Amino acid sequence: MICYRVFAFITLFFSLSGYGEDPKPPKAKKVPVVLNRHGDTRVDEYYWLREIENPEVLSYIKQENEYTKAFLEARAKGLQDMLYQEMVSRLPTLYCSLPYKKGNYWYYNRYERNKEYTIHCRKKGSEAGVEEVYFDENVLVKGKFFSVHAFSVSPNGEFLAYSVDQKGDESCSLFIKNLLTGDLLQGTITSVTEDVVWGNDNKTLFYIVQDKTKSNYRVFRHQLGKESQADVVVFQENTLESQRNSYKMDHQLFKEKDSHFALNLYKSKDQRYVFLKAQSSVTSETYYLDADQCEGNFEVIFPRKKGVDYIVEHREGEFLILTNESDPNYRLIALSDKKPLSKVSREIFSESNDVSITEMEVFEKGVMLYEKKDGLQRFCYLPLQKGKEVRYVNFSAPVFTIDMWGNFDYFSHKVRFSYESLITPTTVYEYDMNKDEMEAKVKDKYFGYDETLYEMKREFVLAKDGTKIPFSIVYKKGIKLDGKNPLLLTGYGAYNYGFPNGFSSELLSLLDRGFVYVYAHVRGGGAFGLPWYNHGRRLEKKNTFLDFICVAEGLIEKGYTSSDRLVSMGMSAGGLLMGVVVNMRPELFCGVVALVPFVDVVTTMSDPTIPNTLLEYEEWGNPENKEEYFYMKSYSPYDNVSKKKYPPMLVTASLYDSRVCYWEPLKWGCRLRDVKEGDSPLLIQVNMEGDHCGMSGQLSQIKELAGIYSFILDVVKKK
């Protein structure tokens with residue numbers, strides 16, 4: 001249910017300018033469905049809205065969308081269009097990413113202000129070569145939605161394998177393009193994921209397909225020049241009897257295992273191995289295959305063990321493994337790649353108790369480790385030659401995000417990473433591992449932006465149990481802490497995901513109007529590593545919600561805002577957060593935005609036919625367990641709507657969303673309208689064309705965001 005697209009581009013369709021005489025919202029019919037479990041009875045009067053093939057459902061969705069449109073047309077005074085033009089005007093007319101070397105080519109992307117999608121370019125031999133536009137997404141768009149998922153060029157640079165979602169349900173079709181001729185190879189493979197890996201022979205392709213519940217469960221091997229019907233299944237996970245078929249299966253790698261696992265594919269940096277990873281929320285298992293022996297068999301490195309997660313790379317005859325076994329902050333070990341694997345590993349590196357290792361980049365001469373210390377990121381360079389000392393790359397800003405970027409050359413002694421903060425646009429740096437020197441290579445630029453006019457900081461509040469909860473803040477310099485500032489508070493708090501403290505040029509449209517923007521790093525997210533995550537999931541999930549409320553109260557106490565100027569916003573699992581806190585403390589907010597919110601927790605987690613449900617047990621709980629069932633029910637937003645005054649709310653859904661099914665937000669909005677007191681508006685918009693993260697084009701995304709900002713500005717203005 002998580003979505004990793006830039007947070008600035010959130011789906012929404014609204015623009016408001018005041019409250020007055022409004023059209024009346026539609027009213028969905030009620031068809032009570034009784035749901036029983038553990039002796040507990042729940043009645044869901046809107047269960048029927050999940051019948052997507054039912055004409056009445058589509059008719060009702062149409063009514064909701066028409067109501068929203070009429071409501072907005074009655075209220076809008078050009079604010080959304082003004083914000084949209086303002087946001088677009090900041091974009092560079094033309095932007096090219098920093099080229100990176102892969103094989104014999106230098107690759108980069110080009111973005112143009114008046115185009116929706118990316119233009120992929122490369123130059124052969126050197127950065128000074130002749131530009132080749134080898135893939136222009138704008139040319140391929142046929143409808144209003146177009147999203148590229150898999151994107152992988154063969155080692156010799158001759159073929160491109162890519163998958164495209166043209167509906168929004170993340171069920172993609174795989175295409176293979178001959179980059180020398182420009183032709184597409186015959187045949188299209190459907191229901192594939194974003195994971196596509198080439199063998200070193202430049203003709204073998206490994207890809208993953210989804211089962212009926214959108215779980216990544218089956219790995220195929222494809223040979224160029226052959227029909228897809230001849231593709232071989234080389235691995236299969238969590239498969240039901242009804243999903244087996246007559247595909248040719250390779251030896252023993254049909255697995256009747258835990259259905260909480262999904263599959264991922266990737267290739268080692270040195271191009272020696274293809275890795276296949278089976279992953280749940282807290283457990284993983286990795287297999288390896290010699291990339292020169294594509295007809296060989298995947299072999300397991302460490303069998304899965306409950307609660308043990310590990311990440312594998314390869315270097316100089318060894319598998320380098322980052323694992324949390326015996327250390328929740330992870331440690332780096334090495335294992336010989338000689339068959340059969342001995343399973344006797346050697347310790348390479350571990351950190352102190354207050355530092356967690358999250359990722360690694362492997363090079364010929366050493367390893368660059370991502371780390372978090374006191375909730376802030378840093379790099380640790382670990383030379384793997386005798387006599388070389390460990391070096392740390394630290395950053396002085398109170399709020400920032402770093403990420404590895406474009407490091408495909410295993411033999412390079414320079415590592416690239418991106419740096420950004422709430423006030424600093426993305427800057428790509430190059431760190432020289434030999435010289436211990438860092439150089440800024442390129443920095444994003446936006447028209448009219450001056451970062452010296454803004455201020456950012458990190459502060460803490462104490463949760464009810466005494467835990468220090470951090471939150472990131474940005475605002476324009478010169479505001480007074482008199483409690484009168486409008487404030488937008490956002491949060492997520494799930495999947496061990498450390499929400500990035502990144503730059504958004506669109507956010508300037510709020511900051512320049514006196515807003516304070518705050519992100520609450522609540523438990524369940526990845527702010528302080530695995531323990532922070534574990535204290536915000538399953539039977540400790542309520543920590544997430546209580547943390548958020550404490551941050552909201554702390555912002556009021558510190559004079560940043562007041563409850564009649566405070567708007568909260570969250571997406572997906574962050575939408576669940578919005579649903580819970582608005583049930584618990586509706587008076588704390590003057591407006592709430594819930595984007596594709598996961599709000600019908602118990603019903604969804606009780607239905608294994610819904611996409612990803614089985615994969616989510618370790619996050620939310622298993623309803624077969626009585627204690628977990630009642631715990632989920634105690635906070636599930638849909639089950640806890642009550643008769644009280646709720647603030648103005650915006651609720652969105654996406655018809656083809658495979659992460660949060662459209663009926664969850666739709667049902668929740670209907671029940672809220674039924675029960676809530678007062679006349680505050682509640683708008684429901686079902687996106688008929690986008691995916692979980694909204695529309696796909698950059699201009700469409702900006703227009704949607706302009707809508708949500710116009711709503712926020714209006715809510716605050718009217719208070």
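Quick caveat: nothing in here was measured; it's all calculated off a predicted structure.
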Salt bridge or not between Glu45 and Arg671? Use side-chain N to carboxylate O under 4.0 Å.
yes
List for me each residue that meets side-chain hydrogen bond (donor to acceptor under 3.5 Å, both in side chains) alongside Asn583, sequence neighbours excluded, and say none if there are none.
Tyr646
Under the ring-ring contact (aromatic ring centres under 6.0 Å, His included) rule, collect the residues that match up with Tyr662, sequence neighbours excluded.
none
Around Lys644, counting heavy atoms of other residues, nucleotides and ligands shown, do more than 12 lie under 6.0 Å from its NZ?
yes
Pair Arg50 + Asp607: basic N to acidic O under 4.0 Å:
yes
Have a look at Glu628 and tell me which of Lys633, Lys541, Arg538 forms a salt bridge (Lys or Arg N to Asp or Glu O under 4.0 Å) with it.
Arg538
I'd like to know whether the aromatic ring centres of Tyr117 and Phe146 sit less than 6.0 Å apart in this structure.
yes
Quick check against the 3.5 Å criterion: does Thr467 have a side-chain atom that pairs as donor or acceptor with the backbone of Ala463?
no
So does Asp600 get a backbone contact from the side chain of Thr604, meaning a donor-acceptor N/O pair under 3.5 Å?
yes
Rounded to the nearest 0.5 Å, how far does OG1 of Thr603 lie from OH of Tyr46?
14.5 Å
If we count only N and O atoms by modelled type, under 3.5 Å, do the side chains of Lys457 and Tyr475 hold a donor and an acceptor together?
yes
Under 6.0 Å between the ring centres of Tyr533 and His535?
no
Tell me whether the centres of the aromatic rings in Phe503 and Tyr449 are closer together than 6.0 Å.
yes
Strictly distance-based, threshold 3.5 Å: is any side-chain N or O of Glu116 a donor or acceptor partner for the main-chain N or O of Gln698?
yes
